[in-house]
Amino acid sequence: MKLLLVVSISILAFATTDHASAHYDNFCADKVQESIERAREWLWDRQEDDGSWGEISTHRPFPTGYTAIIAFALLESGVNPQYPPMEEALEWMEENHSEMTYSLGLRCNAWEIANRVTGDLYQERLMYETQQLINSQDEGRYGYIARGEGMQDSFCNSNTQYGNYGVWAGVMGDVQVPAEYWRIVERHWLEYQNDDGGWAYRSGSSSETMTSAGIASLYVVMDNLHLDRFVRPGRGGQPDAVTEAIEYLNDRFEDSLRSGFRTSHGGCIYYHLFGIERIGLAGGIKHFGGIDWYRAGASLLIEEQRDDGSWSGRRGSNVSTAYALLFLSRGQRPVLFNKLQFDGDWDNRPRDLAGLCEWMTRTFETDVYWQVVNFDMPVSDWHDAPILYISGARPPEFTDEQIEQLREYVNQGGVIFSVAEGGSGQFVDGIRRVYRQMFPDYRMEVARPDHELANAHFRLGSQPRLHVISNGVRPLVIHADEDMPLAWH
């Protein structure tokens, strides 16, 4: 595991990137950062003397709901939990318990983030509230009330998503969660999936928001329950339920964005965008319906942000602004790896880069992500990441045009990292043929033990053998014959 961190971080030192062109003209990184800063300032201005943000007034009381979602959003946007106003907010949350599913799910995520830089200061609270959520479900379903005594009212898939989300935060914070919990959760989401691939609020017609809820929950189930299915190459690929649900969103994504701000239901567009961001990052998805979801969503949010830095919505400006801040902050984090999708067994280990990026994030305390790209995209879109990752157990069958795309990516500053899953000799022979065609004037050589790739951050006593194609200035290709993705997955 450590070796790949060395490989990937070291490649960053050699590679240059060129950001893909936006689908929406008003997107730019500076505007996003300005929008984030204005939103944070507005939220801090509304903090009350006791450290909270007051109570949400809807058809049900959420005494800690405003504070939970705003603290979570501010932490995700980069605010240090030891910043005095944030400390006050977290202290207020500790002193004011919750019995509501939405609030608990958000609180658990806030505790988990705060623990990362405070020496697990809030671990006891995270453990308690994770268990409270586990004890509040019935057949994998959640209602509004979560007292730790089973489900107290009728369920909905929105509450269920946030219950699952809170327990997932517990897992990420090293809270022990029984495998049986995830089995029950999986049964629920599979049972309630509609024939069109989507999910409804309870039953009936599918919606985009509840479909993203189902996808996010099944990704968490896969990571906590089914990773052993992918030990042997050839058994990979994400579950059919997830694939069908993503197709449902692909067909409706652009309409859901453009109409979301303009209708009476527009207050939920912020909730919707947060769901899209969750599954986009979790699944390495760059496009929905051919649209770069982050650039599109960020562009629309920048358009809709009010002069004072807030956003308006059906659930009030506090909730809308917190969701918008979550989307903008989390979605702009750097993409380190692109995983190449091609005709073949490219996805034997569907969670390999997810696991690797999570480990890297925690080890270096810097969030990094991954995404999937394919040959139908322009090469400029591949440059969201400095590393193009190619894996498989069968020989890749690339066309001459596709090989030219790979060459173009490398010539523009990218690096290819390839790995033979299962130590497959067929893949090794096939990918080496590709490289000989790409770079006939360069030889692939075994990296020396003192190569920068193996010593940049850790001095490793043992390591898989790395093969490198270099132009004398930087690596163009790095290849490993050993099955490294198995450990990451």
Any chance you could lay out the side-chain contact (heavy atoms from CB on, under 4.5 Å) test for Q33 and I36, step after step, and finish with the verdict? CA-CA 5 Å; Q33 189 57 41; I36 289 171; 4.3 Å; yes

Note: E129-R107 ion pair, threshold 4.0 Å (strictly below): yes

Within 45 degrees of the ring normal and closer than 6.0 Å to the centroid, is that where the cationic atom of R183 sits relative to Y181? no

Does any non-hydrogen side-chain atom of E186 lie less than 4.5 Å from one of H226? yes

When rounded to the nearest 0.5 Å, the distance separating CG of N194 from OG of S205 is 7.5 Å

Decide yes or no for S136 and E149: does some side-chain heavy atom of the first lie under 4.5 Å from some side-chain heavy atom of the second? no

Determine whether a donor-acceptor pair (N or O, by modelled atom type, separation under 3.5 Å) exists between the side chain of R362 and the backbone of M172. yes

Within-4.5 Å side-chain heavy-atom neighbours: S206 and Y248: yes

Exam field: side chain T361 to backbone V368, donor-acceptor pair closer than 3.5 Å: yes

Y389 meets the ring pair (Phe, Tyr, Trp, His ring centres under 6.0 Å) criterion, sequence neighbours left out, with W488

Where do A245 and W199 come nearest, in terms of heavy atoms and distance? CB-CZ3, 3.6 Å

Does F155 offer a backbone N or O that forms a donor-acceptor pair with the side chain of R202 under 3.5 Å? yes

Between D347 and K339, is any pair of side-chain heavy atoms under 4.5 Å apart? yes

Check: N157/Q161 side-chain N/O donor and acceptor closer than 3.5 Å: no

Under 4.0 Å between a side-chain nitrogen and a carboxylate oxygen: does that hold for R330 and E76? yes

Answer yes or no: does atom CE of M377 have more than 12 heavy-atom neighbours from other residues, nucleotides or ligands under 6.0 Å? yes

Taking the six-membered ring of Y165 as reference, does the NZ or CZ atom of R278 fall below 6.0 Å from its centre and within a 45° cone about the axis? yes

Distance col, row F72:CZ vs L325:CG, nearest 0.5 angstrom, shows 10.5 Å

ring-ring contact (aromatic ring centres under 6.0 Å, His included), paired with F327, selected from Y294, Y270, Y271, F274: Y294

Has the side chain of E87 got a donor or acceptor atom that lies under 3.5 Å from a matching backbone atom of A89? no

Could you verify whether a donor N or O on one side chain and an acceptor N or O on the other, from N164 and W189, lie under 3.5 Å apart? yes

Are N96 and T64 close enough that a side-chain donor and a side-chain acceptor fall under 3.5 Å? no

Residue pair N109 / W168, side-chain heavy-atom distance below 4.5 Å: yes

What is the minimum heavy-atom distance between V428 and A420, and which atoms define it? CG2-CB, 3.7 Å

Side-chain H-bond candidate by donor/acceptor type, Y102 with S158, under 3.5 Å: yes

I184 versus G140, closest heavy-atom pair with distance: CG2-N, 2.9 Å

Using only atom types and a distance under 3.5 Å, with no angle test, would you say the side chain of T101 pairs donor to acceptor with the backbone of N159? no

Would you say N224's side chain and V220's backbone share a donor-acceptor pair under 3.5 angstrom? yes

Going through the checks in order, is the side-chain contact (heavy atoms from CB on, under 4.5 Å) test met by N80 and L75? CA-CA 7 Å; N80 192 305; L75 288 166; over 6 Å; no

Answer yes when D255 and R252 have at least one side-chain N-carboxylate O distance shorter than 4.0 Å, and no when they do not. no

Less than 3.5 Å apart, any donor N or O on the side chain of D481 or H479 sitting next to an acceptor on the other? yes

Between atom CG of D120 and atom CD of E112, what is the distance when rounded to the nearest 0.5 Å? 9.5 Å

Taking all heavy atoms of A480 and all of L466, pick out the closest pair and write down the distance. CB-CD2, 4.1 Å

With a 4.0 Å cut-off, would you call D292 and R295 a salt bridge? yes

Residue pair L301 / L328, side-chain heavy-atom distance below 4.5 Å: yes

Would you say the side chains of H272 and S256 form a donor-acceptor pair under 3.5 Å? yes

Rounded to the nearest 0.5 Å, what separates atom CD1 in I70 from atom CG in L326? 10.5 Å

Counting heavy atoms not belonging to E94, are there more than 12 under 6.0 Å from its CD? yes

Straight-line distance of I416 CD1 to L340 CG, nearest 0.5 Å: 8.5 Å

Under 3.5 Å: donor-acceptor pair, side chain of T321, backbone of A39: no

Check whether any side-chain N or O of Q132 sits under 3.5 Å from a backbone N or O of S98 as a donor-acceptor pair, and report yes or no. yes

Measure the shortest side-chain to side-chain distance between D343 and E397 over non-hydrogen atoms and say whether it is less than 4.5 angstrom. no

Got N115 and L126 here, is their nearest side-chain heavy-atom distance under 4.5 Å? yes

F375: which of Y409, F342, F398 passes ring-ring contact (aromatic ring centres under 6.0 Å, His included): F398

Give the intermediate values and the outcome of side-chain contact (heavy atoms from CB on, under 4.5 Å) for residues I390 and F417. CA-CA 6 Å; I390 305 175; F417 186 82; over 6 Å; no

Would you call the rings of F288 and F253 parallel, tilted or perpendicular, where under 30° means parallel and over 60° means perpendicular? tilted

Please test V415 against V410 for side-chain contact (heavy atoms from CB on, under 4.5 Å), starting from the C-alpha separation and ending with a verdict. CA-CA 6 Å; V415 176; V410 174; over 6 Å; no

Are D483 and R349 ion-paired here, with the side-chain N under 4.0 Å from a carboxylate O? yes

Distance-only donor-acceptor check, side chains R333 and T366, under 3.5 Å: no

Check whether T211 reaches the backbone of G198 with its side chain - one donor and one acceptor, N or O, closer than 3.5 Å. no

For V242 and I215, which heavy atoms make the closest approach, and how far apart are they? CG1-CG2, 4.2 Å

Return yes if some donor-acceptor pair links the side-chain N/O of D345 with the main-chain N/O of A393 below 3.5 Å, else return no. yes

Rounding to 0.5 Å, atoms CD (E208) and CG (L273) come to a distance of 11.5 Å

Trace of the ring pair (Phe, Tyr, Trp, His ring centres under 6.0 Å) decision for W370 with F337: CA-CA 5 Å; W370 64 286; F337 296 98; 9.4 Å; no

If you look at every heavy atom in T130 and G166, which pair is closest and at what distance? OG1-O, 4.2 Å

With a sphere of 6.0 Å drawn around CG of N135, does it hold more than 12 non-hydrogen atoms of other residues, nucleotides or ligands? yes

Determine whether more than 12 heavy atoms belonging to other residues, nucleotides or ligands lie under 6.0 Å from atom CD of Q176. no

